[in-house]
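One structure below.
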Amino acid sequence: MTRKDEQAERTAPAGTAASEKAVEPVTAEWARHAADGVLLDGFHALKHALRFGARVPVAVTTDRLAVRELARSLAPDLLDVLDGLLREVPEATLRGLVPRAHPTGVAALALRSSAPDWDGAGDGVPGPGAGAGAQEGAPLVVLDNPRNLGNVGAVVRLAAGAGAAGVLTTGDLDPWHPAAVRAGAGLHFAVPVARRQVGRLPRRPLLAFDPEGDDLRSVPLPPGAMLAFGSERHGLTDALRDRADHLVALPMRPQVSSYNLATSVAMALYHWMARPS
């Protein structure tokens with residue numbers, strides 16, 4: 001050690017060197033998974049991911065006691081899991097790991113889930129195996145070339161809550177982008193989520209939502225159908241429209257131009273959920 005190093009060590013705040021040494025294995029583990037891992041931003045995203053079986057190799061917090069109190073009130077089922085998983089780091093370390101630290105002071109990396117083999121020879125009406133919470137004959141939501149990652153995450157959250165078979169997106173946006181996962185509150189692990197181009201969509205009945213279609217209330221939804229929604233600005237692509245088996249429309253008051261994408265998906269999924277049993 002040089003004289004300069006000795007002087008710096010003597011003038012550093014007590015415990016600083018020890019703290020930095022203690023977090024080195026954590027930051028190294030984070031770096032190892034950063035390229036391929038899915039960022040879970042905040043306590044709620046980590047909570048949902050763990051509940052639905054996500055593999056989380058590294059998770060950090062700036063305050064273990066505060067997170068334990070959150071878990072005690074909001075996720076007591078995960079107390080033991082979180083105790084064994086979370087590593088406490090200084091705020092400066094957390095800021096260095098994530099683009100924007102979440103108010104809960106929690107961040108984690110999870111391994112991306114793989115989608116079911118929807119292209120397999122047996123691909124037909126999806127059963128519960130299409131997604132852990134999917135009901136028999138559940139629809140598959142298709143977002144055709146979406147442009148807003150926040151909307152993608154909101155749709156994933158809707159699909160998870162409704163027990164849909166999965167969410168597929170076409171186009172160039174990654175539905176597992178950190179902004180989409182953040183908007184989905186970690187529920188990408190509760191329902192299969194993947195990107196497919198129109199030509200590789202599963203072989204299932206496809207109902208595409210378009211103002212020129214038939215009123216949804218008059219259209220029976222085939223078991224296992226795909227429900228496709230166009231982008232927020234441009235609607236359905238020509239390729240998706242050509243692939244559609246049926247155009248359907250959401251009921252809407254005259255002179256109102258459109259619904260938000262997530263609202264449209266919510267209305268369609270509720271129509272399916274409210275069907276006579």
Side-chain angles (χ1 to χ4, degrees), residues 33 36-59 61 67 70-71 73-79 81-82 85-86 98-100 102-104 106-116 118 126-135 138-143 146 148-170 173-196 226-229 232 260-270 272-273:
H33 294 283
D36 299 320
V38 176
L39 177 62
L40 300 175
D41 197 12
F43 173 79
H44 298 290
L46 177 59
K47 171 191 72 177
H48 283 141
L50 290 173
R51 277 181 174 164
F52 290 99
R55 293 170 294 164
V56 180
V58 56
T61 178
V67 173
L70 264 180
S73 60
L74 300 176
D77 54 309
L78 296 175
L79 269 172
V81 175
L82 290 168
L85 179 63
L86 283 169
V98 298
R100 178 179 56 166
H102 192 273
T104 57
V106 174
L109 291 175
L111 305 184
R112 185 181 297 213
S113 298
S114 58
W118 282 313
Q135 301 178 41
L140 183 61
V141 177
V142 178
L143 302 182
N148 185 298
L149 288 164
N151 277 342
V152 173
V155 168
V156 169
R157 194 169 184 174
L158 282 166
V167 177
L168 290 178
T169 65
T170 71
L173 287 189
D174 179 8
W176 284 85
H177 186 281
V181 176
R182 183 184 183 115
L187 285 164
H188 282 59
F189 294 92
V191 59
V193 178
R195 178 169 48 177
R196 300 284 178 86
M226 294 186 291
L227 308 179
F229 302 82
E232 300 85 349
N260 170 270
L261 176 59
T263 300
S264 299
V265 175
M267 293 175 69
L269 288 177
Y270 181 78
W272 170 72
M273 295 171 70

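Note: hydrogens, waters and symmetry copies are ignored here, and every other heavy atom, side chains too, is used. Positions are given from 1 along the sequence. Model, not experiment: these values are computed from the prediction.
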Please lay out, stage by stage, how His44 and Leu74 fare under the test side-chain contact (heavy atoms from CB on, under 4.5 Å). CA-CA 9 Å; His44 298 290; Leu74 300 176; 3.5 Å; yes

Whether His48 side chain and Leu187 backbone form a donor-acceptor pair below 3.5 Å: no

Interatomic spacing from CG in Leu86 to CZ in Phe43 - rounded to 0.5 Å: 9.0 Å

If you take all heavy atoms of Ala110 and Ala54, which pair is closest and at what distance? CB-CB, 4.4 Å

Which residue, Val156, Leu269, Leu168, Val193, forms the side-chain contact (heavy atoms from CB on, under 4.5 Å) with Val141? Leu269

Validation row: Leu50, Leu85 side chains within 4.5 angstrom (heavy atoms): yes

Spatial distance of atom CZ (Arg112) from atom CG (Asp174) [nearest 0.5 Å]: 4.5 Å

If I compare all heavy atoms of Ala190 with all of Ala160, which pair ends up nearest, and what's the gap? CB-CB, 3.9 Å

Is a side-chain N or O of His188 found less than 3.5 angstrom from the main chain of Ser113, in a donor-acceptor match? no

Distance from His102 atom NE2 to Leu46 atom CG, nearest 0.5 Å? 11.0 Å

Looking at Leu173 and Asn148, what are the two nearest heavy atoms and their distance? CD1-N, 4.0 Å

Residues Leu109 and Leu39: closest non-hydrogen pair is CD2-CA, 4.0 Å

Phe189/Leu40 under side-chain contact (heavy atoms from CB on, under 4.5 Å): CA gap, chis, key distance, verdict: CA-CA 11 Å; Phe189 294 92; Leu40 300 175; 3.9 Å; yes

Check whether any side-chain N or O of Thr169 sits under 3.5 Å from a backbone N or O of Pro175 as a donor-acceptor pair, and report yes or no. no

Heavy atoms of Val191 and Gly166 approach each other most closely as CG2-CA, 3.5 Å

Indicate the atoms forming the closest heavy-atom contact of Ala268 with Phe229, along with that distance. CB-CZ, 3.6 Å

Take Val265 and Leu143 through the test side-chain contact (heavy atoms from CB on, under 4.5 Å) and record every step on the way to the result. CA-CA 9 Å; Val265 175; Leu143 302 182; 4.3 Å; yes

Within this structure, what is the NZ-CG distance for the pair Lys47 and Leu82, rounded to the nearest 0.5 Å? 10.5 Å

Atom pair CG (Asn151) and OG (Ser264), whose distance is rounded to the nearest 0.5 Å: 9.5 Å

